[in-house]
Amino acid sequence: MPVDPTIVGRTYPPAPPHEVTVDAVRAFVEATGASYDGGPAPATYPIVPAFSAMLTFLEAEALDLSRIDHGAQEFRHERPVVPGDVLTVALSVATLRTIGGNDIIGTTSAVTDADGALVCTGTATLVHRGPEDPEDGA
Amino acid sequence: MEPRTFRVTREALVAYAAASGDHNPIHQDEDVAVAVGLPGVIAHGMYTLALAARYVDESLGETGRIATIGAKFTKPVVVPVEGVDVVVAGTQKDDGTIAVTVTCEGVSVLGRCQATLRG
């Protein structure tokens, strides 16, 4: 099923706020083999609430996670994430292209704190695979 | 910046799935990965990018200085039962940007991976 082209510009209702705890950051850091000192979270930590927001988006558009490859990701930080932050993500669809039967979806996720201030912006490229073209991906 | 080697294991991917919320089974289950045409279990792209961020943080000696980080996920990191090594290296350019390369089995797995630092 091709992706509905009218989703470009659409913003999805935010997932429930994500509370950044020391334990949550430690689990994230230790999974990469590093140790955590209780300070700022790593720069890619916002993928935690951003991934949740992506699942909300996929569900809203009846898109199957098993057909999605993560093509690219960037985070642009206004400040580091720290324990105690309560983060909310607003995901919107910025771009949509179709190449070789695959839909290339560009999303922008605004990550804000409890005061509504922007903490970081995530941009992702999601490849929604067409029916006959399974590709390597991450 | 000195290159470093990090070991990626399936146990770490399970831990990362729990920590990140990305429970896509292609990162944990060989049968599912093969069924969708992959050579085997592959690391989350964001796991590999997290290793790039770890490399920058540990090279700087602190976490929290990265202002931007991003990459294209160009090749999968296939993780066999015994695990696999990835090699991370960085070069700081004149403008302060750090260009990061991540290779697995001699193949570059991230495209245009770079980090910028806050002042």
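Naming convention: chains lettered A, B, ... in sequence-line order (proteins, then strands); numbering from 1 in each chain. Only heavy atoms go into these numbers, but all of them, side chains included; no hydrogens, no water, no symmetry mates.
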#### Entry: Which atoms of A:F51 approach chain B - backbone, side chain, both or neither, heavy atom under 4.5 Å
side chain

### Task
Could you tell me which non-hydrogen atom of B:T74 sits nearest to which non-hydrogen atom of B:S108, and how far apart they are?
OG1-O, 4.0 Å

### Query
Relative to chain B, which segment of A:A41 carries a heavy atom at a distance below 4.5 Å: side chain, backbone, both, or neither?
backbone

### Query
Who in residues 4-19 of chain B is close to chain A, using a strict under-4.5 Å heavy-atom cut-off?
B:A12, B:A15, B:Y16, B:A19

### Task
Fit a plane to each ring of A:H18 and A:Y45, take the angle between them on a 0 to 90° scale, and name the class: parallel (under 30°), tilted (30 to 60°) or perpendicular (over 60°).
tilted

### Task
For B:V77 and B:C104, work out which heavy atoms get closest and say how close.
CG1-SG, 4.0 Å

### Task
Please flag which part of A:T32 lies under 4.5 Å from any non-hydrogen atom of chain B: side chain, backbone, both or neither.
both

### Query
Considering all heavy atoms of both residues, which atom of B:L49 and which atom of B:C113 are nearest to each other, and what is their separation?
CD1-SG, 4.0 Å

### Message
Shorter than 4.5 Å, heavy atoms on both sides: which option in A:E30, A:R79, A:E78 has the most such pairs with chain B?
### Response
A:R79

### Message
At a heavy-atom distance under 4.5 Å, which candidate from B:A50, B:A71, B:A53, B:G21 has the highest pair count against chain A?
### Response
B:A71

### Query
If you count heavy-atom pairs under 4.5 Å between each of A:P42, A:G122, A:A43, A:G71 and chain B, which one has the most?
A:G71

### Query
Is there a chain of hydrophobic side chains (I, L, V, M, F, W, Y, each step under 4.5 Å between heavy atoms) that links A:Y36 to B:M46?
yes

